[in-house]
Amino acid sequence: MRNFILIIIFLLSCKISSQNKEGNIIITVDQNVHPSLSNMYILKGEKKYYISYFPGKFVIKEEDYKDLLHTDNSSSLKLVMNNNLQCKDNLTSKMYEIEDFKLSWLDQPYVILYIYNTDNKDYKNIYNPLPGKSYTYDYEYPGGTMKRIQKIFTKAQNKCQRNE
């Protein structure tokens with residue numbers, strides 16, 4: 001009887017875990033991993049598909065994932081998120097839109113998304129913001145990388161260029 005109960009519990013846990021599609025995505029904002037990213041969703045046309053995110057774990061409902069796969073490919077996907085930062089009594093919120101998000105990222109062993117806030121003086125002179133935005137982003141995964149053109153090299157990049 002005990003084994004029967006354990007088998008039932010195991011089958012139920014497998015059923016519950018299979019109701020989500022997970023990906024290994026790490027999102028950094030200004031070179032910091034932020035667990036405070038909130039209100040994250042994928043936007044396709046006017047429809048929002050909400051995401052659960054913890055650094056390294058990107059989760060979407062399986063039915064939403066299938067819906068995104070089977071809808072027409074004419075409209076692109078956007079990953080939208082808010083970054084909330086509190087400094088003393090001042091709370092700031094910044095919205096980021098990743099306009100070339102791909103569902104295939106969820107099938108990669110990992111994806112690292114780097115967001116650079118060009119309002120931050122450390123990045124203002126290095127990165128060009130996206131048109132109409134005050135940020136830019138890069139990403140990499142085992143199959144490739146997408147890097148934006150920079151105004152100048154960072155200190156680490158300069159050191160690499162000089163082979164030090």
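All values derive from a computational prediction rather than experimental measurement.
Taking S104 as the reference, K102 meet the side chain to side chain contact (heavy atoms under 4.5 Å, CB included) condition, with sequence neighbours excluded. Considering only residues two or more places apart in sequence or on other chains, D107 meets the salt bridge (Lys or Arg N to Asp or Glu O under 4.0 Å) condition with K21.
Heavy-atom neighbours of K124 NZ from other residues, nucleotides or ligands within 6.0 Å: at or below the threshold of 12.
Side-chain contact between N82 and S38 is present, with at least one heavy-atom pair separated by less than 4.5 Å. Side chains of D122 and Q31 form no contact here, defined as non-hydrogen atoms less than 4.5 Å apart. For the pair L43 and K48, the minimum side-chain heavy-atom distance is below 4.5 Å. The side-chain heavy atoms of K133 and M95, taken from C-beta on, include no pair separated by under 4.5 Å. Counting heavy atoms from C-beta outward, I98 and M81 have side chains that approach closer than 4.5 Å.
In summary, the aromatic rings of W105 and Y139 are positioned with their centroids under 6.0 Å apart.
Remark: the backbone N or O of Y127 is not paired with any side-chain donor or acceptor of T136 at under 3.5 angstrom.
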Please tabulate, for the side chains in residues 108-117, all donor-acceptor contacts under 3.5 angstrom to protein atoms that are two or more places apart in sequence or on a different chain.
{"from": "Y114", "atom 1": "OH", "to": "E140", "atom 2": "OE1", "distance (Å)": "3.4"}
{"from": "N117", "atom 1": "OD1", "to": "D119", "atom 2": "N", "distance (Å)": "2.9"}

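No hydrogens or angles considered: nothing links the side chains of S52 and K57 as a donor-acceptor pair under 3.5 Å. At a cut-off of 3.5 Å, with distance as the only test, a side-chain donor of D100 or Y137 sits close to an acceptor on the other residue. S93 and N83 form no side-chain donor-acceptor contact under 3.5 Å, judged by distance and modelled atom types alone.
One hydrophobic cluster holds both L79 and L103 under the rule that ILVMFWY side chains link at heavy-atom gaps under 4.5 Å. No continuous path of hydrophobic side-chain contacts links F54 to Y41 [ILVMFWY only; heavy atoms under 4.5 Å].
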| task | Could you walk me through whether K44 and D67 pass salt bridge (charged side-chain N to carboxylate O under 4.0 Å, His left out), step by step? | result | CA-CA 10 Å; K44 180 152 186 159; D67 189 36; over 6 Å; no
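Across V80, I27, V29, a single residue satisfies side-chain contact (heavy atoms from CB on, under 4.5 Å) together with Y96, and that is V29. With L106 as reference, I60 is the one residue of I60, V59, N24 to meet the side-chain contact (heavy atoms from CB on, under 4.5 Å) rule.
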